[in-house]
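Data first, discussion second: the structure below is written as structure tokens.
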Amino acid sequence: MAKFRRRTCIILSLFILFIFSLMMGLKMLRPNKATFGDPFGLDLLPDLHQRSHLGKSLDSQKSDKINSETNIKNLKSVESTVKPSKASELYLEELPPLNYYLHVFYYSWYGNPQFDGKYVHWNHAILKHWDPRITKNYPQGRHNPPDDIGASFYPELGSYSSRDPSVIETHMKQMYSASIGVLALSWYPPDSNDENGEPTDDLVPTILDKAHKYNLKVTFHIEPYSNRDEQNMYRNVKYIIDKYGNHPAFYRYKTKAGNALPMFYVYDSYITKPEKWANLLTVSGSQSIRNSPYDGLFIALLVDNKHRYDILRGGFDGIYTYFATNGFTYGSSYENWAALKFFCDQFNLMFIPSVGPGYIDTSIRPWNTQNTRNRINGKYYETAMNAALQTQPSVISITSFNEWHEGTQIEKAVPKRTSNTVYLDYRPHKPSLYLDLTRKWSEKYSKERAIYALDHQLPVS
């Protein structure tokens with residue numbers, strides 16, 4: 001009997017130890033500030049510090065460093081690669097209807113030798129810190145695709161080209177499977193491009209055609225191209241509407257006044273003084289686009305709280321928050337969304353919070369581990385979605401479908417290991433995890449929004 005009791009005590013002790021270890025392990029997965037983070041300095045944002053390749057600005061907030069989401073470099077192990085699986089076929093008729101209130105930021109700047117004659121963006125440079133003393137502690141140079149790419153995750157489609165029609169088609173299928181209704185296409189004027197890319201305006205017709213095949217709509221995310229001002233903005237909006245406005249996939253949003261207007265997200269809008277925006281976006285402006293065939297809904301990026309009144313003075317129609325890093329800016333901090341929504345309601349502005357699945361850009365900014373946000377197997381994304389729904393927003397935007405450099409993608413990713421790098425992945429879940437979660441929250445958003453739809457604007461499908 002004594003021997004039996006002793007064995008029972010040993011088994012019970014081991015069980016308690018296992019439970020304790022499991023709880024501690026789960027706790028380690030949770031960021032220090034899983035839901036809310038304090039707004040902090042904006043050293044890396046344009047006009048406040050040196051711009052990055054994307055105009056996607058970052059800071060050095062003391063935050064949660066997630067070691068599990070930092071690329072492991074210089075491994076001595078033998079190269080081992082899990083090859084991307086063939087993208088699964090979708091049973092479109094079994095999926096829920098698209099949600100045209102749900103937008104996703106989409107990038108068409110990737111290239112490879114087969115379609116572009118060289119790698120574009122996958123071979124991204126490792127960016128230097130503005131302090132040379134910090135830069136010298138990190139690797140220099142560029143990435144070397146296809147096995148070494150400028151990202152912490154690896155795409156199921158490999159180092160693809162945005163010019164590959166089959167890639168565009170697969171992307172549209174994935175968005176469709178996620179019940180996303182609108183893609184917000186990163187856009188530069190013809191013959192213009194970001195610092196690491198090539199011109200992509202010539203891809204717009206194909207993207208529109210492929211989108212239309214799946215009943216998706218396309219709106220435009222206007223990037224901070226060189227010397228952007230009210231005059232060339234007028235010309236570029238006119239160009240977009242004249243060239244693409246008659247396509248059935250061109251997105252328009254029906255206002256409460258009954259007008260169906262194009263929508264334009266304006267990235268880094270705060271770089272330009274509000275007086276210049278007012279020339280374009282107010283009725284009395286010298287370059288006014290209002291009440292013309294080229295009028296639209298212009299959505300400004302809100303970074304700092306003080307930008308609210310600049311956005312009002314500039315004549316914008318709404319705000320979005322873009323960044324997928326909770327706590328990075330005032331606008332991207334979930335705890336501020338209720339106040340921002342209240343402000344927008346006061347002044348008849350659209351409030352479009354941006355949600356993301358996580359953030360990690362250490363493949364191109366190795367010194368920026370402070371801003372990593374662990375995905376926590378989808379919990380970070382669901383927390384963001386829930387925070388957005390609480391505000392009853394006009395639209396929800398997702399950062400992003402495929403911004404691989406900053407690790408905000410919901411596109412399918414697969415496990416991959418080389419002799420130098422272990423890429424992150426979505427295991428233990430499937431490569432479609434974030435598409436599946438998006439579909440779940442898209443349905444929830446549709447149902448909840450239907451309850452308060454009469455108090456908001458309605459989209460044209």
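In this chain, numbering begins with 1 at the start of the sequence shown. What you are looking at is a predicted structure, and each value in this text was computed from that prediction instead of being measured.
Checked against side-chain hydrogen bond (donor to acceptor under 3.5 Å, both in side chains), E169 has the following partners two or more places apart in sequence or in another chain: K210, K213, Y214. Remark: T408 pairs with S400 by the side-chain hydrogen bond (donor to acceptor under 3.5 Å, both in side chains) rule, at least two apart or across chains. With sequence neighbours excluded, the residues forming a side-chain hydrogen bond (donor to acceptor under 3.5 Å, both in side chains) with D131 are R133, listed by chain and number. Residues satisfying the ring pair (Phe, Tyr, Trp, His ring centres under 6.0 Å) criterion with Y309, sequence neighbours excluded, are F343. K118 meets the side chain to side chain contact (heavy atoms under 4.5 Å, CB included) test with V120, E198; sequence neighbours excluded. Taking the side chain to side chain contact (heavy atoms under 4.5 Å, CB included) definition, one finds that S179 meets it with P96, R439, S442, sequence neighbours left out. With sequence neighbours excluded, the residues that form a ring pair (Phe, Tyr, Trp, His ring centres under 6.0 Å) with Y106 are H171, F401. For the ring pair (Phe, Tyr, Trp, His ring centres under 6.0 Å) test, residues two or more places apart in sequence or in another chain that qualify with Y426 are F153, Y434. With sequence neighbours excluded, the residues forming a ring pair (Phe, Tyr, Trp, His ring centres under 6.0 Å) with F316 are W277, listed by chain and number. Taking the side-chain hydrogen bond (donor to acceptor under 3.5 Å, both in side chains) definition, one finds that T200 meets it with nothing, sequence neighbours left out. For L208, the side chain to side chain contact (heavy atoms under 4.5 Å, CB included) partners at least two apart in sequence or on another chain are V204, V218, Y244, H247, A249. A search for side chain to side chain contact (heavy atoms under 4.5 Å, CB included) contacts involving N305 returns R308, Y330, not counting sequence neighbours.
Here W122 and Y160 bring their ring centres to under 6.0 angstrom of each other. Checked against the 6.0 Å centroid threshold, F105 and Y265 count as a close aromatic pair.
Salt-bridge check for K416 with D425: failed, with every basic side-chain N at 4.0 Å or more from each acidic carboxylate O. No salt bridge links E223 with R228; every basic N to acidic carboxylate O contact stays at or beyond 4.0 Å.
For the residue pair S397 / S354, a side-chain donor-acceptor distance below 3.5 Å is found, with atom types taken as modelled.
The aromatic rings of Y334 and W337 are tilted relative to each other, their planes meeting at an angle between 30° and 60°.
Partner of Y322 under the ring pair (Phe, Tyr, Trp, His ring centres under 6.0 Å) criterion, out of Y270, Y267, F328, Y359: Y267 alone.
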